[in-house]
Each structure stands twice: as C-alpha cells, then as structure tokens.
Amino acid sequence: MKKDIEIPIVKDVYVALVQEWTDDFLNKEWNAVIINDRTSQIDMVLVVSKGYDGERKTSTMRHGIGVVAAKSFEKIELVQEEVLRLNNEFFVTFYADGKLYEKRFLFEKHTVGEQNLQQIPFVDKPGILAR
C-alpha cells in the first residue's frame, strides 16, 4: 500500500530572503519571497513560517499567496533583523500539474547577512536562498 503513494518532489520553487532599501525607514530590510522558476504557474500557494532556537521561538505566521506565475516571484513577509538570530523555517505547500507539493525551506541562525549575499534571479536584488 505505501509503495503506491507517490510523493512528488519540489523542483524549481525556492524561498529567498532579499535585502531591499526602504525610503520610509531609511534603512535596509529583509523580505522573504517565493520564487517560481517553473514553466507553469503554481496555485493555492500557502506558506507557514516560524523562527526557533531551543526554548526561544516566534509566532507561527500563515500566508495565503494564491497564484505565483511562471518565472516570477511573490513577497511572503518582512523578516525583522532580530529574528535572523534564530533558525527561520518556511513550509511551502502548492498545487501544480494536478498534484499537491510541499517542501520545508530553512535559513539557519546567523547565516543571513551581508557576507552571504548573492544576486537572486527574477527578483534582481541581493539576497540569500534557503536550503
């Protein structure tokens, strides 16, 4: 019975933290984005995010993104600088090709910073891709 269950593998969908300048606060801020590098859109995108480190943890946030077009991205949430000291997990669920996909993306504590920035495709801003 278990051998008959197909668990599709997520490919070409990523979560990144991108650094952007904000004129409102005159500083740089980190925004989490979901990137769809597939040739087709993904539907009913849900993202559950949380930060944790032993006893310390943040609130669990739930985001209904909806549709992410092919070869594009959508913003998930603003991530405060203090939260980057924790492990940040983004659990993504979506429909594509008539199947339900899910994947856990992780930014380990103290790995998000200026020293690890790279250019993020489609967003065209500096950032860091989750593992």
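- Under the side chain to side chain donor-acceptor pair (under 3.5 Å) criterion, E114 pairs with Q19, not counting sequence neighbours.
- Remark: K57 pairs with no residue by the side chain to side chain donor-acceptor pair (under 3.5 Å) rule, at least two apart or across chains.
- The shortest heavy-atom contact between Y101 and P8 is CE2-CB, 3.3 Å.
- A search for side chain to side chain contact (heavy atoms under 4.5 Å, CB included) contacts involving E77 returns A32, S49, M61, H63, V79, F90, not counting sequence neighbours.
- With hydrophobic clusters built from ILVMFWY side chains whose heavy atoms lie under 4.5 angstrom apart, I128 shares a cluster with V92.
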What side-chain donor-acceptor pairs closer than 3.5 Å can you find for residues 40-48, not counting sequence neighbours?
{"from": "Q41", "atom 1": "NE2", "to": "D43", "atom 2": "OD1", "distance (Å)": "2.7"}

Report task. Show your reasoning for whether side-chain contact (heavy atoms from CB on, under 4.5 Å) applies to I34 and F105. Result -> CA-CA 10 Å; I34 183 164; F105 295 91; over 6 Å; no
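- When the side chains of ILVMFWY residues are joined at heavy-atom separations under 4.5 Å, either directly or via intervening members, L106 and F91 end up in two distinct hydrophobic clusters.
- Residues passing the side chain to side chain donor-acceptor pair (under 3.5 Å) test with N116: none are found, sequence neighbours excluded.
- With sequence neighbours excluded, the residues satisfying salt bridge (Lys or Arg N to Asp or Glu O under 4.0 Å) with K109 are D53.
- Screening residues 63-72 for salt bridge (Lys or Arg N to Asp or Glu O under 4.0 Å), with sequence neighbours left out, gives D37-K71.
- Applying the side chain to side chain donor-acceptor pair (under 3.5 Å) criterion to R62, with sequence neighbours excluded, gives no partner residue.
- I9 forms part of no hydrophobic cluster, judged by ILVMFWY side-chain heavy-atom separations under 4.5 Å.
- Note that OH of Y52 and OG1 of T58 are 10.5 Å apart. Values are rounded to the nearest 0.5 Å.
- Y14 and F122 fall within a single hydrophobic cluster, where Ile, Leu, Val, Met, Phe, Trp and Tyr are joined by side-chain heavy atoms under 4.5 Å apart, directly or via other members.
- Qualifying ring-ring contact (aromatic ring centres under 6.0 Å, His included) partners for F73, counting only residues two or more places apart in sequence or in other chains: none.
- Listed by first and then second residue, the salt bridge (Lys or Arg N to Asp or Glu O under 4.0 Å) pairs that reach into residues 118-131 are E20-K125, E108-R131, sequence neighbours excluded.
- Among residue pairs with one or both ends in residues 94-104, those qualifying as salt bridge (Lys or Arg N to Asp or Glu O under 4.0 Å) are E6-K99, R38-D97, E89-R104; sequence neighbours excluded.
- The distance from the CD1 atom of I35 to the CD1 atom of I76 is 9.0 Å, given to the nearest 0.5 Å.
- In terms of hydrophobic clustering, with Ile, Leu, Val, Met, Phe, Trp and Tyr side chains grouped at heavy-atom distances under 4.5 Å, L129 and V33 are assigned to a common cluster.
- No more than 12 heavy-atom neighbours from other residues, nucleotides or ligands sit within 6.0 angstrom of CD on E55.
- Checked by atom type and distance alone, the side chain of N88 pairs as donor or acceptor with a backbone atom of L86 at under 3.5 Å.
- Under the 4.5 Å side-chain heavy-atom criterion for Ile, Leu, Val, Met, Phe, Trp and Tyr, V15 and I120 are members of distinct hydrophobic clusters.
- The distance from the NZ atom of K28 to the CD atom of E81 is 11.0 Å, given to the nearest 0.5 Å.
- Between V68 and N36, the closest heavy-atom pair is O-ND2, 3.1 Å.
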